[in-house]
Structures are given as structure tokens and as C-alpha cells.
There are 2 protein chains.
Amino acid sequence: MASIKDVAAEAGVSVATVSRVLNDHPSVSADARTRVLAAVETLGYRPNAVARSLRTDQTHTLGLVISDVMNPYFTELARSVEEEARALGYSVIIGNADERPDLQDHHVRTLLDRRIDGLLVSPTDGGSPLMLDAARAGTPMVFVDRWIPGVDVPVVRSDGRAAVRDLVAHLHGLGHRRLAIIAGPAATTTGRERVEAFREALAAYGLDLPDAYIGQGDFQAESGRLVTEGFLDLAEPPEVVFAADNLMALGALDAVRARGLRVPDDLALAAFDDIRWFVHTDPPVTAIAQPTGELGRAAVRALVDRIEGRPGQSVTLPARLVVRRSCGEHPTPVQRSTT
Amino acid sequence: MASIKDVAAEAGVSVATVSRVLNDHPSVSADARTRVLAAVETLGYRPNAVARSLRTDQTHTLGLVISDVMNPYFTELARSVEEEARALGYSVIIGNADERPDLQDHHVRTLLDRRIDGLLVSPTDGGSPLMLDAARAGTPMVFVDRWIPGVDVPVVRSDGRAAVRDLVAHLHGLGHRRLAIIAGPAATTTGRERVEAFREALAAYGLDLPDAYIGQGDFQAESGRLVTEGFLDLAEPPEVVFAADNLMALGALDAVRARGLRVPDDLALAAFDDIRWFVHTDPPVTAIAQPTGELGRAAVRALVDRIEGRPGQSVTLPARLVVRRSCGEHPTPVQRSTT
DNA sequence: CTGAAAGCGCTTACAG
DNA sequence: CTGAAAGCGCTTACAG
């Protein structure tokens, strides 16, 4: 592979001059520029990004550590992150934690070793020492979706409280009184918040959230199935179950179908996170939609701001309820939303 | 961030010695080793992978350029690739081409600039000059899922021919005679092969595949919807439509439902690529399943073989039909497969 | 405008 | 076993 020396030799200039034309430095003669460009062309030269990074101490690369790539919500988040980063001149390296703290640490470490310019993370847990140290040591960082309290890092997320209130109002309006939730891990902010928001919204209607109606899931499908089975085995099963993410909602659908029951007739279902496939399930699932693309883009902007010395704002965007058919809604040809 | 010099100073040895203990070089005294390790510990030192890569000319990184991350098939592929790579001591950087040749080129270029050790690609098109040049120039490369004919690069893919034959036999057995296909882009190998396999299988039953029954899609959902609408507008619509990938199958479901029709009663549906969600649609979709995880792992093994100087085998794995309910099958409580 | 030189943080023959 | 030194491929003050 041709190096800058080869180009210099071919163009009859010094490597310094080659470097200047490659970096659009103003003080290069037109003549030198054309000769260098010609040499680059004939040699098919491409600058070695590794060498450049070592010299400049910047990689123009962002690390993104997400909890679970197989979750469509995170896949979409990753996609928007990459798009925005590309627009701003950065590449992104994705690390999939698969909801495992040890894997999360592995990726954070690897990313740090590669000297990425900044880190975007959706923590799987309360925060490993490694990650906290990195944040304290000044590694530009921002949390997306999930975050760790008490760390001085911008947070870009969506606030589902209002949407959860809308959902509960919707369910209450449909006559439901026994509402249950499949919660995410208490070690995650989203795991905790969705339960709290649900409980508060219920309280506003004088409704209780008994322990038996709080099922502990882990944001993955199998846990949603198990929890739902438990609900169905109760002497007084809930009328509605609210899954704290899309994968657990799928597990719930599974459990219901396995017993030969129907949604919403036998058990109504609602989910946090709206994904394309919910339109195609039967019945289409009523869900709370996050502005996923927006979140990804805002997170990248905040991180790049930090990297480039600007403040880097926290951003909280609203989520919204998308009413479909899984809660016993009156059939409508058109999708409605409660905006 | 502490450098190797700081560690050397702290331990009272030369940087060479530090490097040796870090790389498990045998000729280091036990004393020096403990001192270095202690220094590493107190300084929280982590070797700079960028510098190491520049020096050793290897990054221990694989590039993976896939056609579309939002397609669950590729998401799963990416996941298995990363797992196997990690097990073999490599990281992977994913580039999402989003079915766009220009984006594919962007990622290939970026990855090459970063001096990844090898490239795994599922080409979006017939192959850009950039990619072909890289292959010829000796960049270790392997194709996964899709490939480019005439290039000396191992191919790891699954052969769907037998499964397509099984599918056609299955459909024929259910009494279907008018079968249509939603094809992928002819510029891709999988786009072409699935049509051919389908046509050949039909021929074995004396059935024809008229042009009107070949809809041109692009592997994304919207195209599946459009093609299906076209089929339904035909004077003699097909009885079954076979979508060449899962996203186009979803588009097809959409089109059918939008007209108030039902699968399979009004139009039967089968898909190439089996994804989790197909179990949860109504009806569950009969599909051809690829051994996705196996493919990803085999591809990584082939690539790492090439990188480390071993041959690097092409691998072709069989796909299999998974019969469910979308083709008018007799209801069964248990999923069957035609193995 | 241009080039020689230093240096980024490592690894690795080469002497000793 | 250990260290001084060269060198990976760049960029960038510093002179001229």
C-alpha cells in the first residue's frame, strides 16, 4: 500500500507538501497541488487513518454501546446515530452489550483503547467503575435512552411519563380496572421509570398497582412470556398488561396465544416502544412511540459538541401514545394518535 | 492519558521492558514484570491501540459491510459475526449500506483507510471498482450471503434451492397453481437466484412463471407492498405470493390487509428468511429459514483464516422450509419443518 | 510557498 | 534479561 513517501517521490515534492495538499492547507502552490493530486491518483493513494490518528490524537470516531442490537428500537437508534455522525464527519463503532454488564465493559474498554473521540452509551446497569472513571477522566460521553444518575454526563432520552398517563387514561376509558406491568430491570433508569410513571398514572384514577401485577422482566422476549404466564395463572388475572418494551410485548403475545386466548378479548396488551412490526401483528399493538431517530441525532450532536469543546446539552423529548387495536379499542380504519 | 513512557518511569525500567511484559514476551525477569504490572495498575495504564496498530500493521479489526441493518436477518448476522470475531480476538466495525451502492462504497473506503485486517461484505450491487480493486490488491475478504461472481473471494452463504423446491411442493400439495414472486434486485445474487430456483421448481410441476407474476422489489418493505398491490389488481391474481425476503413479505401483508383481504384465504404468502416476528403475525408466516448464526460464524472463520495465512474456505449451508399457517395449511398446534 | 525535523505511542531486531 | 535506537505513516511548528 502506497504511503505518503511514495506520493512525495512520485510528485517530486516533500512529504510535508503532500500532507498540506491532502489537508487543504492554503499555502501550497497551484503547481505543487496538481502534481501531488496526480501522484495520488496514479498511485491510488489513501492516507493511513491509523497514522493520522496517532499524530493528531483524534480518530473522528464515536463509540456507541447499546444494550441489545436485536431490539428493533436500538437498531433504529444505531442507524440514526450513524447517519448523523456521518453527516458531521464521524464514523461510529457499535458495541452490543446484549444486556450484559460484562460485555458492556468489554466494549467500553476496547473503544477506549482505540481512542475513540467520544462515547455514546445506553447503560445496561448502574454503571461500571470503568465507565465512571472514563467519564471522570474527561472522555467526552453522553447517555442515550438509559442513563446513570449522579454522573456529570449529558442525557438524551425521551420522557414517557405523559404518554404513560395518556395510556392509562385510554385504558381507563375503555373500562379496564385491573392493570399490570411487565417491568424492565430495576438497575436501568428506563426499567424503574416506566413502573413509576405507570403507578402514578394509576393513582390519579384511584387505582392501585399491587405487587402481583408487577412482573419482573429483563427487556428480552422470554421474560415477557414468563411474566405473562404468571399473570394468567393468578386467581384474578389483570385485564391489561403493559410491557415496558417491545420484546417483552412479543413474549406476552406468545404466552396469550399459547393458551389459545386472544388479545384483546382475554387480555389486553400495550407496549412501550413502537416498532414497525406492531402494525402487522394481530391485533395491531397499541404502543408508546419514542422519537427514536431524533434521539439518535440529538445524542450525536450533544457528543460532538462536547468533543469539539462546546457545552453539549441534555435533551428530553416527549413520547406519544399510538392507539391501535390491542386494548379493545373500537375498530377504526385509520390509525389514531393522541397528540 | 498515561503512556508507556509513564509506566516505564514509574516502574524504573525501559519502555522496551514494559512492552515486553505487556506482550507476554518470555525474556523478562520476574522482578521487572511485577514492577511493571504494579505501575500499570497504579497509573491505570491502557496501551494505545492506535500506536500499536501503526507499528505492527495489524488492527485486529474486521470490517462488516451489510446491505441493511434494519433487516432482522442482517441484524442477526451482524450479531453472530461480532460474537465469533470476539471469540477469535477481533473487533468488528459495521458499515450499513442501506441497499445503496454509494453508501457501500463510503464504508468500504473508510474501513480500508482504517486498515482493518479483513473485510466481510454482503454486496448491494454487482461490485464497485473500489471493492474489486481491494480484493485484487490482496485485502483479505469474504462475501457473506450475497456475492460477486468472477472474483477470487470465498463465499459463505446458504443455498435456498432445495428449500424453494420444498416450498413449491408444499404449495402444490395444498392445491395452489398460480404462484407469484416478489423478487429482489437483479444486481444481487440472492435477488437473481431466488427467482431462478422458484421458476425451476415450478417447472418440475409443469407450472409456468409468467412475467406478470414476477414483481420487481428491492428487498425493502415498501416495494413488497407495491408489488402485491399490482398482483391483486391483475385480472387473474395469483393464489400465492412468495416474497424473496422478510421485509417485502411484511409489505405484502400490509397490502393484503389494507384491502380488507385475508391471508391465506384471499392470498397465500410465503417468505424467504425466517424471523422471530413471523411467529407472531396473523397468520404465522410460512418461511424459508437460513442458518443465519452459522453463516456469520463460518464467514468470520473463513476471513480470519485468510488474514492469518490459512486458505479460507467457501461454505454453503442448506436453508430449510418452516411450515406455518400463511399458505392455507391445516391448523396444527405444533410447528412443523420439512427436514 | 517549501522542506527538514521532531514527535505521536508503540514494537522489535540488535547489542550487550 | 535489558536498553538504546530505529521506524510505522502521518502532521506541524520552525526556518528559510
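Letters go in sequence order (proteins before strands), and every chain restarts at 1.
Among the nucleotides D/dA4, C/dG9, D/dT11, the one closest to any side-chain atom of A/Leu54 is C/dG9. Counting only heavy atoms from C-beta on, B/Asn23 has its side chain closest to C/dT11 among D/dG3, D/dC10, C/dT11. Considering only side-chain atoms of B/Ser14, the nucleotide from D/dT2, D/dG3, C/dC1 that sits closest is D/dG3. Nearest to the side-chain atoms of B/Ala16 among the listed nucleotides D/dG3, D/dC10, C/dC1 stands D/dG3.
Taking the nucleotide of DNA chain C with the nearest heavy atom to each of B/Arg20 and B/Asn48, the more 5' of the two is matched to B/Asn48.
Contact annotation: B/Thr56 side-chain N/O to C/dT11 OP1/OP2 distance is not under 4.0 Å. At C/dC10, none of the side-chain N or O atoms of B/Ser19 fall inside 4.0 Å of OP1 or OP2 (strictly under the cut-off). Within the structure, a side-chain polar atom (N or O) of B/Ser29 is placed less than 4.0 Å from OP1 or OP2 of D/dT2.
Evaluation of atom-type donor-acceptor distances gives no pair under 3.5 Å for the side chain of A/Arg115 against the base of C/dG9.
Of the charged side-chain nitrogens involved, none lies within less than 4.0 Å of a carboxylate oxygen, so that A/Arg109 and A/Asp113 do not count as a salt-bridged pair. Salt bridge present: B/Arg297 and B/Glu294 bring a charged side-chain N and a carboxylate O closer than 4.0 Å.
Across all strands shown, B/Asp57 has no heavy atoms under 4.0 Å from either base or sugar-phosphate atoms.
Between the side chains of B/Asp305 and B/Gln313, not a single donor N or O lies within less than 3.5 Å of an accepting N or O. A/Thr61 and A/Arg114 form no side-chain donor-acceptor contact under 3.5 Å, judged by distance and modelled atom types alone.
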